[in-house]
Enquirer: 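Attaching a single structure in C-alpha cells format; questions to follow.
In what follows, chains carry the letters A, B, and so on, assigned in the order in which the sequence lines appear, proteins first and then strands, with residues in each chain numbered from 1. Computed from heavy atoms alone, side chains included, the values below leave out hydrogens, waters and symmetry copies.
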Amino acid sequence: MLATQDTKSFQHALLAWYTSVAKDYPWRQTTDPWHILVSEVMLQQTQVATVLGKGFYTRFLEKYPTPASIANAPEQDILSAWEGLGYYRRVRNLQKAARAICEQHKGIFPTQHAAILALPGIGQYTAGAVSSFAYNQPQPIVDANVARIFSRLFDYQERVDSSAGTKQLWQWADQLLSHHEPRLHNSALMELGQQVCSNKSPQCLLCPIKPWCQTKNPEDLPIKKARKKTVLVDELCMLAICDGKILLHKAADSARRSGMWKLPEREHHELETQDLLLKTNYAITHHKVTLYIYQAPDKTEPATGEAWHSLDSLDKLPMPSPFRKALNSLLEDYFV
DNA sequence: CAGCCGTGGTC
DNA sequence: TGACCAAGGCT
C-alpha cells in the first residue's frame, strides 16, 4: 500500500499523463448513463477496435437511443443489432435492464450505485464504470486493465482471478481512487492498461507511475488460472433451398446463441452420401469447430426449431458470424 | 468456484 | 497455426 501523501502524488501523475494522451472515444464525449452503459456492455470482453471499427456503438444508439426505445423491441431486432459482437446474452440483458428502468425507475436511469448494480447484466465493474463515467461518482472499477496494472504495481505473485485476488484488487482500486476526479481517474487507469501497461511488451519507460511500481518482471503478471484446453468438434449442417426459401434452425432459449438462426444440423449418416459444399473452421469459447455444409437431401422436412425462410429475408435474421460468412459464400456460388 | 458464453486480433 | 486474450457476468 502507498502512504496517503504518496497516493496523492500517484493520482496526480496518473491524471497528468492521461490528460496529455487521452483518446476521444465517443463514450467519453457523453455523460448520458444509457449511452455509457451501452458502451460498457459492448466492451465486455470485447476490444475497443471491434466496437468502433464496425460502427456497432453508433448504429446501436441510433436505433436504441433510450431505455424506452429498446424495452419493447422484438428479440430478432436486438439480436440483429448485436450481430458480430458475440456474447449475445449481453443484448438480452441490456433489454432487461431497460425494462427494469422503465418499470421500476419511471424510465429515468437510476443514479444510486446499488440500484445500477441491481440491473440485469450489470456486475461490479459495469456498475462502477457507469457510476464514475456518467455521474462522476467515486466508485472504483477493476477490469482486465486495472487487474494487470495493480498486479504489477504491487508485484502481486498470486492469482488475481481467485476470490482472495479479486478482493485484493478491489481494495487497491478503492484505496487509490481519486475522490476529486473519479471519472478521469478511472478513465486514466483504463487508458494506461491499454497504451502502456499492456499485456504483451509493457512500455515501462513511458509509464507515468513507474516510480511506484514494485515488479521487476511485469510480463509475468498478472497470474491467472490456466485456460481450459481447446476441444475439437465437428458440426454437420446442410443447405436446403427450395422455391426461393431456405431452411434454418433457431437456437432454443436455453441453448448457446439463443435466438440466433443458423443452418440445420443433421447426423453424419443422413449427410454422408450428399455433396460437400463447404468446409470451414471457426472458434467458439474453448471449442475449435470444423463446420461441414452438405447439400440437403431431396424432400428435406423441418425438424424441431427449424423453419423455411425467404432468401430475401436472410439479412434481417440474426445469425452467428461463422454462419453469416458461410452463407454469403455459398449463396454467391448458388446464384452464379 | 468452475464452467460457460462469440469474435477478431496478435505473435 | 494454435494459444492467448479483450472495458465481465451469470449459473
Enquirer: Within this structure, what is the NZ-to-P distance between A:K262 and B:dG6, rounded to whole angstrom?
Expert: 12 Å
Enquirer: Using the side-chain heavy atoms of A:M190, tell me which of these nucleotides is nearest: C:dA7, C:dA6, B:dG8.
Expert: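 Of the options given, the side chain of A:M190 lies nearest C:dA7.
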Enquirer: Closest heavy-atom contact between A:H113 and A:S131?
Expert: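 Looks like CD2-OG, 3.2 Å.
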Enquirer: Check whether any side-chain nitrogen or oxygen of A:Y88 sits under 4.0 Å from OP1 or OP2 of B:dT7, and answer yes or no.
Expert: yes
Enquirer: Side-chain N or O of A:T230 versus OP1/OP2 of C:dG2: is the shortest distance under 4.0 Å?
Expert: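 No, A:T230 has no side-chain N/O under 4.0 Å of OP1/OP2 on C:dG2.
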Enquirer: On a whole-Å scale, what distance lies between the P atoms belonging to C:dG9 and B:dG8?
Expert: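 C:dG9 and B:dG8 have their P atoms separated by 22 Å.
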Enquirer: May I ask you to verify if any side-chain N or O of A:K200 is less than 4.0 angstrom from the OP1 or OP2 atom of B:dC11?
Expert: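 For A:K200, the contact criterion (side-chain N or O under 4.0 Å from OP1 or OP2 of B:dC11) is not met.
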Enquirer: Decide if the gap between the ring center of A:Y87 and the ring center of A:W82 is smaller than 6.0 angstrom.
Expert: no
Enquirer: Within this structure, what is the CG-to-P distance between A:L37 and C:dG8, rounded to whole angstrom?
Expert: 14 Å
Enquirer: For A:L119 and C:dG8, what is the distance between atoms CG and P respectively, to the nearest whole Å?
Expert: 19 Å
Enquirer: With a 4.0 Å cut-off, would you call A:D243 and A:K245 a salt bridge?
Expert: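 Between A:K245 and A:D243 there is no salt bridge, as every charged N stays at least 4.0 Å from the carboxylate O atoms.
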Enquirer: Does the separation of the ring centres of A:F133 and A:W27 fall below 6.0 angstrom?
Expert: no
Enquirer: Regarding A:N93 and A:R90, is there a side-chain donor-to-acceptor distance under 3.5 Å anywhere?
Expert: no
Enquirer: Calculate the interatomic distance between A:R89 atom CZ and B:dC4 atom C1'; express it in whole Å.
Expert: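 Result: 7 Å.
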Enquirer: Would you please confirm or rule out a distance under 4.0 Å between OP1 or OP2 of B:dC4 and any side-chain N or O of A:H286?
Expert: yes
Enquirer: Apply the test salt bridge (charged side-chain N to carboxylate O under 4.0 Å, His left out) to residues A:K250 and A:E75: give CA-CA distance (whole Å), side-chain angles for both, the deciding distance (0.1 Å), then the verdict.
Expert: CA-CA 12 Å; A:K250 184 185 185 185; A:E75 170 192 68; 3.1 Å; yes
Enquirer: For C:dA7 versus B:dC11, give the span between their C1' atoms, rounded off to a whole number of Å.
Expert: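 Result for the C1' pair: 23 Å, nearest Å.
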Enquirer: Among A:K325, A:E235, A:K288, which residue satisfies the side-chain hydrogen bond (donor to acceptor under 3.5 Å, both in side chains) criterion with A:Y282?
Expert: A:E235
Enquirer: Once you apply a heavy-atom cut-off of 4.0 Å, does A:G53 come out as touching a base, just sugar-phosphate, or nothing?
Expert: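 If one applies the 4.0 Å heavy-atom cut-off, A:G53 turns out to touch nothing in the nucleic acid.
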Enquirer: Whole-Å distance between B:dC11 C1' and A:E219 CD?
Expert: 16 Å
Enquirer: I want to check one thing: is the phosphate of C:dA6, taken as OP1 and OP2, less than 4.0 Å away from some side-chain N or O of A:K224?
Expert: yes
Enquirer: With a non-hydrogen cut-off below 4.0 angstrom, is A:F133 in contact with a base, only sugar-phosphate, or nothing?
Expert: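 No contact.
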Enquirer: Is A:K325 near enough to B:dG8 that one of its side-chain N or O atoms lies under 4.0 angstrom from OP1 or OP2?
Expert: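 The answer is yes; a side-chain N or O of A:K325 sits under 4.0 Å from OP1 or OP2.
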Enquirer: Report which part of the nucleic acid A:A144 touches: base, sugar-phosphate, or nothing (heavy-atom distance under 4.0 Å, all strands).
Expert: sugar-phosphate
Enquirer: Of the listed nucleotides (B:dG3, C:dA7, C:dG9), which one gets closest to any side-chain atom of A:T126?
Expert: C:dG9
Enquirer: Tell me whether the centres of the aromatic rings in A:F109 and A:W34 are closer together than 6.0 Å.
Expert: no
Enquirer: Looking for any heavy atom pair under 4.0 Å, which part of the strands does A:A283 touch: base, sugar-phosphate only, or nothing?
Expert: base
Enquirer: Tell me whether the side-chain N/O atoms of A:T50 come closer than 4.0 Å to OP1 or OP2 in B:dG8.
Expert: no
Enquirer: Measuring from the side chain of A:R257 (C-beta onward, heavy atoms only), which nucleotide among B:dG6, C:dA6, C:dG9 has the closest atom?
Expert: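 Nucleotide nearest to A:R257's side chain: B:dG6.
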Enquirer: What's A:S163 touching, base or sugar-phosphate or nothing? Going by heavy atoms closer than 4.0 Å.
Expert: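 A:S163: backbone/sugar contact only, no base atoms under 4.0 Å.
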Enquirer: Please report the distance, rounded to the nearest Å, between OH in A:Y87 and P in B:dG6.
Expert: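 Roughly 8 Å, once rounded to whole Å.
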Enquirer: Does B:dG8 have OP1 or OP2 under 4.0 Å away from a side-chain N or O of A:K54?
Expert: yes
Enquirer: Figure out the CZ/P separation between A:R256 and C:dT11, and round it to whole Å.
Expert: 18 Å
Enquirer: If you compare every side-chain N and O of A:Q45 against the phosphate oxygens of C:dG8 (OP1, OP2), does one of them come in below 4.0 Å?
Expert: yes
Enquirer: What distance, rounded to whole Å, do you find between the two P atoms, one in C:dC4 and one in B:dG3?
Expert: 15 Å
Enquirer: Quick check: any donor-acceptor pair below 3.5 Å linking the side-chain of A:T285 to the base of B:dG3?
Expert: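 A donor-acceptor contact between them is absent.
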Enquirer: Whether A:K228 contacts B:dC4 is assessed here as follows: a side-chain N or O lying under 4.0 Å from the phosphate OP1 or OP2. Is that the case?
Expert: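 Checking B:dC4 against A:K228, a side-chain N or O does come within under 4.0 Å of OP1 or OP2.
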Enquirer: Which sits closer to the 5' end of DNA chain B, A:I284 or A:S162, going by the nucleotide each is nearest to?
Expert: A:S162
Enquirer: Taking only side-chain N and O atoms of A:R148, does any of them lie within less than 4.0 angstrom of OP1 or OP2 on C:dA6?
Expert: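 Indeed, a polar side-chain atom of A:R148 lies that close.
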Enquirer: Among B:dC5, B:dC1, C:dG8, which nucleotide sits nearest the side chain of A:D143?
Expert: C:dG8
Enquirer: Assign A:I122 to base, sugar-phosphate, or nothing according to its heavy-atom contacts below 4.0 angstrom with the strands shown.
Expert: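 It contacts sugar-phosphate atoms only.
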Enquirer: Look at all strands and tell whether A:K229 reaches a base, only sugar-phosphate, or nothing, counting heavy atoms closer than 4.0 Å.
Expert: nothing
Enquirer: What's A:T46 touching, base or sugar-phosphate or nothing? Going by heavy atoms closer than 4.0 Å.
Expert: base
Enquirer: By nearest heavy atom, map A:V48 and A:N93 onto DNA chain C; which one lands nearer the 5' end?
Expert: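 With A:V48 and A:N93 compared, the 5'-side residue is A:V48.
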Enquirer: A:L52 CG to B:dG9 P: how many Å, rounded?
Expert: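 Nearest whole value for this atom pair: 14 Å.
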